[in-house]
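What follows is a single structure, written as structure tokens, with notes after it.
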Amino acid sequence: MKHRSGARSGPRIRRPAETAAGAPAVVETLRHILGKAGIYRGTAALLKVNQPNGFDCPGCAWPEPLEGRKHAEFCENGAKAVADEATRARIGTEFFEKWTIRSLAQQPGQWLNAQGRLTHPMVRRPGADHYSPISWAEALDLIASELNGLESPDQAAFYTSGRTSNEAAFLYQLFVRRYGTNNLPDCSNMCHESSGRALQAAIGSGKGTVSLEDFDRADAIFIIGQNPGSNHPRMLATLQQAKRRGARIVSINPLDETGLKRFRNPQEVAGYVGRGTVLADLHLPVRINGDVALLKGLCKAMLEEEAANPGSVLDSEFIESSTADFAEFSADIDATTWSEITAAAGVDRGQIQAAADIAIAAEATICCWAMGLTQHKNAVANIQEIVNFLLLKGNFGKPGAGACPVRGHSNVQGDRTMGIWERPDKRFLGSLQQEFGFEPPTRHGLDTVDTIRAMADGRVKVFIALGGNFLAATPDTAFTARGLENCRLTVQISTKLNQSHTVVGRTALILPTLGRTEIDPQPGGPQFVTVENSMGVVAPSEGRLAQASPFLRSEVRIVADMAQATLPLDPAIDWSVLADDYSRIRAHIARVIPGFESFERRLQEDGRLVLPHVIRDQRRFETPSGRAQFSVHPIEPPDLPESRFLMMTIRSHDQFNTTVYTQNDRYRGVFADRRVVFMNEDDIQRIGLEDGDVVDLHSHFNDEQRSANLFRIVAYRIPRGCVATYYPETNEIIPLDHVADISNTPAYKSVVVSVSQSVIPEHEQQ
Ligand SMILES: Nc1nc2c(c(=O)[nH]1)N[C@H]1C(S)=C(S)[C@@H](COP(=O)(O)OP(=O)(O)OC[C@H]3O[C@@H](n4cnc5c(=O)[nH]c(N)nc54)[C@H](O)[C@@H]3O)O[C@H]1N2
Ligand SMILES: Nc1nc2c(c(=O)[nH]1)N[C@H]1C(S)=C(S)[C@@H](COP(=O)(O)OP(=O)(O)OC[C@H]3O[C@@H](n4cnc5c(=O)[nH]c(N)nc54)[C@H](O)[C@@H]3O)O[C@H]1N2
Ligand SMILES: [Mo]
């Protein structure tokens, strides 16, 4: 039949896995590391991951324990990230002779990445079909002359992805501000920006308020909109410990993700023979974007219990002494009906009550969350509802309690601490001025979404990316591509080839750089860098593998070289001397950034810095009122006509953001094809389709419609009205203007779509 066949053979589907990690994780680890990096480079790399004298795992930002590290302080997916960087495959200059840029643009991202490490600086000259080799000196001259040829520094934008070290990030923002702009968009704009903005306003700090040790003291852990089994696998071991101690775990997620069901710890014998530890005591299958309603429901159940038994739930002393606007908040909760709550949350009152009972019984509760909450129109409201929920029982600044936004990229939090931000505050700019004697620009710069708009309409003409894959990670791929093509110069400083190298400005450069795993020799000796994890711990990271190519330069060196080539001589900043010995950069950081005093000495003596946090350490809230703020947010169910669905775009178990390792998603039982759309059985029937059908997806936003073709329907346990696809396969249909209020983060997890049967040309039918 026409609609059930397709050009591709489609995925193999199995039941979703019941248990995470265990022996299959070890097999996968070895397959990736040995397959790509080989025995020697592979084992050498793994033995140094997250060790005191090794490098920080380029996987995620979950902290490693301060004491008692294991020999293997990494996970299956960390190993995949390491293997991907430590690969033996190389892209030489002849590769670019063979492939035109246009033909590379036709290749899937997985293929581009699999070609190996970039080895040589390359240029695409105006009008050329191919990249050709260029010397570092000429490449730097080109950058300098383009930057200095602009009418205003605000016509350039400088993107950062979150693998960049503190040292490179600090130097980069210094270069950009010395040059004269705050146009520093970063991946955080697409990631935890909503968390930062929400927490800053509500509790006076944009960072999480817990440390890893708090997980040893928590009675309840809520995991909301996060899939740690795939994206922060080391977190499962932390949860397992908490669970064994008696903590209760609640998962709030449209999907019953495998990683939160059962966990077999591959570092224990029982991880191979036992059935594993059940992690989540309770799973609430919330509708996509039903979290404001659900969290209000939790608060309502708690306030009702307090009313029935005064003094049994709330920490009234804390609410009285340390918070503001409780009266408005509780009045709004009173006025919100249960039917409103359950309709929007898609979860019944009994389930909400069960979760509330866990919170009520807990002396200390932690809430963890990630992209399931931050990438919606009302993402900031989502996170402020978590704050409300935590405030009720005083769950800030006490052991075992707090807010834990689990960061994505391994140094995304550190990059912000170092000043990678388009909206720097006055205090930070003042410190820069004092340290370096120039006047930094104060106008706010462009974030990621605004940079795309500015490139498209010609306000930004030079785009430089320190890592990342801007084209594939951002929304509306066709529009973003036009923006990049509109630029006079695009520069990608990268380890691996990706889609962003295939869509180019008039002139384009690829500058190949060292990864975390590699030795970084400089005139001052081999260098280490530092990174900050999700919980504000800053630690050194030193690569141990031989460089992938003699032509690579470190990120720090590339930034210093760009600055030196571009900026007039300045006695206050000798860029190349700073890059000779990174401790000189850390000396500046120590004077400019609060919490980094005596940076170098503390690194030597303690091996790390634990950044101060006034909420965690002193229970102080640095808001204008000096109190933590309760807030009120409306329940706004999405406007979904019968034939429309809310689509979330999620990560598989075999990818790191836009880097796709394989077409498999073992935990969700999907193999050999990522071009799938997960749908509820009833919905599939309702629109007259069948499991396995090939369909097109159309997004609807204002009057705009965008389509992506040829996806297989996979019937799945997902709430009705909700569908899921993989990121980045559907980024082309995510509307650019569909963003979160306040944070401007693309609403990647609530895209309104319709689904229609694909019309497959006769000759392609099987
Ligand atoms: N191996 C690996 N590790 C990674 C990454 C990777 O790609 N691969 N990426 C890194 C980065 S940059 C980041 S930001 C993190 C991302 O880590 P996650 O945030 O865990 O990643 P996503 O796959 O986007 O998953 C979001 C989860 O939220 C759920 N969800 C979606 N919409 C909603 C909603 O409306 N409400 C609720 N309650 N839940 C919802 C989805 O079902 C899914 O389980 O991981 C980091 N670590
Ligand atoms: N639809 C949808 N879109 C999303 C998301 C989503 O959930 N759904 N998530 C968003 C999120 S949370 C994020 S963080 C962004 C991620 O956006 P980015 O950070 O821009 O994307 P990545 O895929 O992590 O970037 C991968 C590339 O980084 C380069 N790279 C890797 N390591 C290094 C290094 O050490 N140095 C340098 N210089 N380069 C390196 C390699 O060339 C690699 O191809 O995507 C966002 N986009
Ligand atoms: Mo992220």
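Reckoned from all heavy atoms, side chains included, excluding hydrogens, waters and symmetry mates. As the structure is a computational prediction, the values presented were derived from the model and not from experiment. Both ligands and their constituent atoms are indexed starting at 1 by order of listing.
- Of all protein heavy atoms, the one lying nearest to atom 14 (S) of ligand 1 is Cys191 SG, 3.2 Å.
- For ligand 2, the polar-atom distance check finds no N/O of His501 at less than 3.5 Å from any of the ligand's N/O atoms.
- Between Phe463 and Phe470, the angle of the ring planes lies from 30° to 60°, which puts this pair in the tilted group.
- Considering backbone and side-chain atoms alike, Ser230 places an N or O below 3.5 Å from some N or O of ligand 1.
- Taking only nitrogen or oxygen atoms, main chain and side chain alike, Arg668 does not reach within less than 3.5 Å of ligand 1.
- Closest to atom 32 (N) of ligand 1, if we only count protein heavy atoms, is Met648 SD, 3.4 Å.
- Looking only at heavy atoms of the protein, atom 13 (C) of ligand 1 is closest to Gly408 CA, 3.2 Å.
- Residues Ile352 and Leu298 have side chains in contact (heavy-atom distance under 4.5 Å, counting atoms from C-beta outward).
- Relative ring orientation between His738 and Phe701 is described as tilted, the plane-to-plane angle lying within the 30° to 60° band.
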Check the pair Ile420, Phe170 against side chain to side chain contact (heavy atoms under 4.5 Å, CB included), reporting the backbone distance first and the verdict last.
CA-CA 8 Å; Ile420 301 290; Phe170 183 81; over 6 Å; no
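- Close approach of ligand 2 to Gln375 (heavy-atom distance below 4.0 Å) involves ligand atoms 5 (C), 6 (C), 7 (O), 9 (N), 10 (C), 12 (S).
- Between Arg234 and Glu76 there is no salt bridge, since no side-chain N of the basic residue sits under 4.0 Å from a carboxylate O of the acidic one.
- Using a 4.0 Å cut-off to heavy atoms of Ile288, the atoms of ligand 1 that qualify are 35 (O).
- With a 4.0 Å cut-off on non-hydrogen atoms, Met190 touches ligand 2 through its backbone as well as its side chain.
- Residue contacts with ligand 2: Arg651 is included, with a non-hydrogen atom under 4.0 Å away.
- A salt bridge is defined here as a Lys NZ or Arg NE, NH1 or NH2 lying under 4.0 Å from an Asp or Glu carboxylate O, and Asp654 with Lys80 meets this definition.
- Residue-level proximity to ligand 2 for Asn731 is carried by the side chain, the only part with a heavy atom below 4.0 angstrom.
- A donor-acceptor contact shorter than 3.5 Å links the side chain of Asn680 to the backbone of Ile718.
- At a 4.0 Å heavy-atom cut-off, ligand 1 touches His376 through the side chain alone.
- Contact annotation: for Asn657 versus ligand 1, heavy atoms closer than 4.0 Å belong to both the backbone and the side chain.
- Here Thr649 has heavy atoms under 4.0 Å from ligand 2 in both its backbone and its side chain.
- Between Leu497 and ligand 2, a contact under 3.5 Å exists for no N or O pair.
- With respect to Arg117 and Glu518, a salt bridge is recorded, a charged nitrogen being found less than 4.0 Å from a carboxylate O.
- Among all non-hydrogen protein atoms, the one lying nearest atom 35 (O) of ligand 1 is Asn289 N, 2.7 Å.
- Residue-ligand proximity, Thr513 to ligand 2, at heavy-atom distances under 4.0 Å covers atoms 36 (N), 37 (C), 38 (N).
- The Ile493 neighbourhood of ligand 2 comprises atoms 37 (C), 38 (N), 39 (N), with distances under 4.0 Å to a heavy atom of that residue.
- At the shortest separation from atom 38 (N) of ligand 1 among protein heavy atoms lies Asp291 OD1, 2.8 Å.
- Contacts of Asn227 with ligand 1, taken as heavy-atom pairs under 4.0 Å, involve both backbone and side chain.
- You'll find the side chain of Arg666 stays beyond 4.5 Å of the side chain of Ser230, heavy atoms only.
- Listed by atom number, the atoms of ligand 2 under 4.0 Å from Ser494 heavy atoms are 39 (N), 42 (O).
- Residue, atom and distance of the protein heavy atom nearest to atom 44 (O) of ligand 1 are Glu257 OE2, 2.6 Å.
- Contact annotation: for Asn498 versus ligand 2, heavy atoms closer than 4.0 Å belong to the side chain alone.
- At a cut-off of 3.5 Å, with distance as the only test, a side-chain donor of Arg674 or Gln655 sits close to an acceptor on the other residue.
- Ion pairing between Arg651 and Asp665 fails under the 4.0 Å rule for side-chain N and carboxylate O.
- If you check which protein heavy atom lies closest to atom 33 (C) of ligand 1, you get Gly372 O, 3.3 Å.
- Each of the atoms 18 (P), 19 (O) of ligand 2 lies under 4.0 Å from some heavy atom of Ser161.
- A side chain to side chain donor-acceptor pair (under 3.5 Å) with Thr517 is found for exactly one of Glu542, Gln547, Glu85, namely Glu85.
- Classification of Lys207 and Glu532 as a salt-bridged pair holds, one side-chain N sitting under 4.0 Å from a carboxylate O.
- The aromatic rings of Phe656 and His409 are tilted relative to each other, their planes meeting at an angle between 30° and 60°.
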Assess the residue pair Tyr726 and Phe678 against the criterion (ring-ring contact (aromatic ring centres under 6.0 Å, His included)); give the C-alpha distance rounded to whole Å, side-chain angles, the decisive distance to 0.1 Å, and a yes or no.
CA-CA 9 Å; Tyr726 290 120; Phe678 296 97; 5.7 Å; yes
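- At a threshold of 4.5 Å between non-hydrogen side-chain atoms, the residues Thr119 and Pro512 do not count as touching.
- Contact atoms of ligand 2 toward Gly467: 37 (C), 38 (N), 39 (N) (distance under 4.0 Å to a heavy atom of the residue).
- Backbone and side-chain nitrogen or oxygen atoms of His409 are examined, and none is located within less than 3.5 angstrom of a nitrogen or oxygen of ligand 1.
- At least one N/O-N/O distance between Asn469 and ligand 2 falls below 3.5 Å.
- Of the N or O atoms in Phe470, none lie within a sub-3.5 Å distance of an N or O in ligand 2.
- Considering backbone and side-chain N/O atoms, Cys60 never comes within less than 3.5 Å of an N/O atom of ligand 1.
- Nearest to atom 36 (N) of ligand 2 by heavy-atom distance, out of Glu555, Arg163, Glu85, is Glu555.
- Not a single N or O atom of Arg407, backbone or side chain, sits closer than 3.5 Å to an N or O atom of ligand 1.
- Atoms of ligand 2 lying under 4.0 Å from at least one heavy atom of Met371, given by number and element, are 12 (S).
- Judged by the shortest distance from any of its heavy atoms, Lys749 lies inside the 4.0 Å radius around the atoms of ligand 2.
- His283 contributes a side-chain N or O that, together with a main-chain N or O of Asn253, makes up a donor-acceptor pair within less than 3.5 Å.
- At a cut-off of 3.5 Å, with distance as the only test, no side-chain donor of Asp56 or Ser541 sits close to an acceptor on the other residue.
- Using a 4.0 Å cut-off between charged nitrogen and carboxylate oxygen, Arg706 and Glu732 do not count as a salt-bridge pair.
- Contacts between Val412 and ligand 2 below 4.0 angstrom, taking non-hydrogen atoms only, are absent altogether.
- At under 3.5 Å, not a single nitrogen or oxygen of Gly515, backbone or side chain, sits near a nitrogen or oxygen of ligand 2.
- Contacts between Asn231 and ligand 1 below 4.0 angstrom, taking non-hydrogen atoms only, involve backbone and side chain alike.
- Contacts between Lys80 and ligand 1 below 4.0 angstrom, taking non-hydrogen atoms only, are absent altogether.
- A 4.5 Å side-chain heavy-atom check between Trp369 and Ile223 finds every atom pair outside the cut-off.
- For atom 41 (C) of ligand 1, the nearest protein heavy atom (residue, atom name, distance) is Asn253 OD1, 3.6 Å.
- Heavy-atom contacts of Cys187 reach the following atoms of ligand 2: 14 (S), 19 (O) (cutoff under 4.0 Å).
- A salt bridge is absent between Glu555 and Arg516; no separation between the charged side-chain nitrogens and carboxylate oxygens falls under 4.0 Å.
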